[in-house]
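Data block below; observations after.
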Amino acid sequence: MGLQAPSIAAIALLLLLGCSPSARVDDPPREEVVFWHFWGGEDRPVVDGIVLRFNESQDRYRVRAIAMPGNNLDLKFFLGVAGGDPPDLVNQDDPILADWASRGALTPLDELVDADELAALSQWLFPVARQLSSYDDRLYALPNGLDIRALYYNATWLEELGIDPPATIDELDRLAEAVAPRGGGALKQVGYLPDPRRLWAWGVVFGGGFWNPEAATPDEAITLDCAENLAALKWMAAYRDRYGADRMASFRTGDQALTGSSFPLLAGRRYAAIMDGQWRVRDLAKAAAETPSQGERQDRYSVAPLPTPPGGRSDAGWVNGNFFLVPRGARQADGAWEFMKFWSGFNGNETGAAEACVAGGWMPVSQRVVDEPVFQAMLTRRPLFGEFVRLAASPNQQPTPPLPVASFYYREVNAAVQDVLYRGADAEQRLREAAERVRDQLRPVWEREREAAR
């Protein structure tokens, strides 16, 4: 039976009673697991439902879920660790694992479980999920969902244009030109427009990457300014040359005016194609289920791997995800581990994890969860999701480098691309500057860790 999220009325009643949705007033005394997370909106009831189901599945632990914004979470986390009063469990989706682990703020999983269970977990996870969870050859996290990107496109619109779904960069460029030729006034619709946050994906597609795990020095470790990444950025900058930085920026600003978290692909043929993650399949399913007004057109949508240039990588891109972390000094680490396993599906909990992924539109972290009948049934109903499952198994899906400066690195790359696309900066110079800033940030951390290892 699928996951049943608690109703808004039920949650409100529980809050009025002074309880979280994860507790009942007649519960016997249990060991409390304090769980911090960032989910809100339509995902919040799904999270509360998972917590409620875990609490009802056993009588030893009671998880108390606390939602807070990401910035507050980071600050309060370190205040809690420093003050000896951290939460028992945190869920994150930012590239902070290596930084927090290098600062001694996290409990590695080999201190929570025995070697046999850890080896079984490593085999159970998708390879890219292991990468997301590791730092310095140790597992520090248990992921509960992956985020994979692909190219969504309006199949109806492309058919009207007589254009096949783009499989190469040249074909994607031709689609862009067909929908929005050079020149003219303000952009009203586009075939495709590069997102300044997505050099992380296009660099990999073009055959590049962002770090060298075998490097002996910080200068060798940071590969941001490699030739392939530069080629990807120059290709993105060609859209600035085609349309003008101001027109691109104005069009992007229009995306922000869409209602809530609306998928721009569904906004009145604003885009013919756009890069986004697997969670948008849920948005497309909702749109398809809506009955159009009399005479109103209802477009069909599809999804494909990111198009490749000559010599590029197929089925490639950038992946991130959600993962559980146990802070150093957590009082109830054992209970945290049991809840982590329950949600992610490890060690016999695959059915419940599959139900959670279906309810939240989330990508499982293990093929074992994907194989569950409830998840397979969802793939039958929503076949577009299957493309993301296939891509998750590709060795060409790469996460943000697991370095102690990963958050800084992430921001620097995005800022550099912003400068190139919207401020006319030279791609080669700006990429080189960003790479040097990251290397400067990494050097003292690198030396400190090497000294500690001696």
Side-chain angles (χ1 to χ4, degrees), residues 1-4 43 46-47 49-51 53-54 56-58 63 89 91-93 97 108-110 112-134 138-148 150 277-279 281-282 315 317 319-326 334-399:
M1 184 174 180
L3 174 67
Q4 299 296 317
D43 291 327
V46 179
V47 173
I50 297 168
V51 171
R53 191 173 64 187
F54 172 77
E56 292 178 341
S57 72
Q58 43 73 52
V63 170
L89 186 62
N91 195 275
Q92 262 281 6
D93 66 344
L97 186 147
L109 297 192
D110 55 37
L112 295 177
V113 303
D114 62 37
D116 289 342
E117 189 171 21
L118 197 63
L121 173 63
S122 184
Q123 291 296 316
W124 183 83
L125 292 167
F126 280 127
V128 72
R130 286 198 299 273
Q131 293 180 55
L132 280 170
S133 308
S134 302
R138 297 177 81 179
L139 279 172
Y140 277 87
L142 178 55
N144 59 301
L146 298 175
D147 288 336
I148 307 288
Q278 80 286 335
W279 57 91
V281 173
R282 181 172 58 179
D315 295 340
V319 58
N320 68 329
N322 310 117
F323 45 87
F324 290 110
L325 305 166
V326 177
D334 289 343
W337 174 242
E338 292 303 318
F339 180 63
M340 293 158 66
K341 292 191 295 182
F342 181 87
W343 186 328
S344 67
F346 176 57
N347 202 15
N349 298 306
E350 287 87 356
T351 299
E355 292 174 344
C357 286
V358 170
W362 300 326
M363 173 71 204
V365 298
S366 170
Q367 186 64 42
R368 293 276 296 276
V369 179
V370 170
D371 291 341
E372 282 292 313
V374 65
F375 196 82
Q376 289 295 311
M378 185 276 288
L379 293 181
T380 299
R381 297 192 307 272
R382 301 178 182 177
L384 296 187
F385 206 105
E387 183 65 10
F388 293 94
V389 173
R390 189 184 69 80
L391 290 172
S394 169
N396 293 331
Q397 295 289 329
Q398 296 185 14

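- Heavy atoms only, all atoms of each residue included: E372 and T351 are closest at OE1-OG1, 2.6 Å.
- Between the OG atom of S133 and the CG atom of L139 there is a distance of 6.0 Å, given to the nearest 0.5 Å.
- Interatomic distance, OG1 of T380 versus CE of M378, reported as 9.5 Å (0.5 Å rounding).
- Of the options N396, I148, V319, a side-chain contact (heavy atoms from CB on, under 4.5 Å) to L391 is made by I148 and by none of the others.
- Ring centers of Y140 and F324: at least 6.0 Å apart, outside the cut-off.
- Between the side chains of N322 and Q92, not a single donor N or O lies within less than 3.5 Å of an accepting N or O.
- Here the straight-line distance linking atom CG of L121 with atom CG of D110 works out to 11.5 Å at 0.5 Å rounding.
- Of the possible polar contacts, none joining the E350 side chain to the S344 backbone as a donor-acceptor pair under 3.5 Å is found.
- Between R282 and A359, the shortest heavy-atom distance links the atoms NH1-O, 3.6 Å.
- Using a distance-only test at 3.5 Å, with no hydrogens or angles considered, no donor-acceptor pair links the side chain of R138 to the main chain of P108.
- Annotation: side chain of W362 is not in contact with side chain of D147 (no heavy-atom distance under 4.5 Å).
- Smallest separation of non-hydrogen atoms from A336 and V326: CB-CG2, 4.1 Å.
- The aromatic rings of F339 and F342 lie parallel to each other, with less than 30° between the two planes, well short of the 60° mark.
- The minimum heavy-atom distance between P364 and F126, with the atom names listed, is O-CE1, 3.6 Å.
- At a threshold of 4.5 Å between non-hydrogen side-chain atoms, the residues K341 and F54 do not count as touching.
- Between the side chains of N320 and D93, no donor-acceptor pair of N or O atoms lies under 3.5 Å.
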List the steps and the verdict of side-chain contact (heavy atoms from CB on, under 4.5 Å) for W343 and L142. CA-CA 10 Å; W343 186 328; L142 178 55; over 6 Å; no
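- Ion pair E56/R53 not flagged as a salt bridge, since none of the NZ, NE, NH1 or NH2 atoms sits closer than 4.0 Å to an Asp/Glu carboxylate oxygen.
- The CG atom of N347 sits 9.0 Å away from the CZ atom of R368 when rounded to the nearest 0.5 Å.
- Across every non-hydrogen atom of F375 and V369, the tightest pair is CB-O, 3.7 Å.
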Intermediate values then yes/no, side-chain contact (heavy atoms from CB on, under 4.5 Å), L112 and E117: CA-CA 10 Å; L112 295 177; E117 189 171 21; over 6 Å; no
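- Considering every non-hydrogen atom in both A356 and V46, the closest pair reads O-CG1, 4.4 Å.
- Side-chain contact check for N144 versus M340: every heavy-atom pair is 4.5 Å or farther apart.
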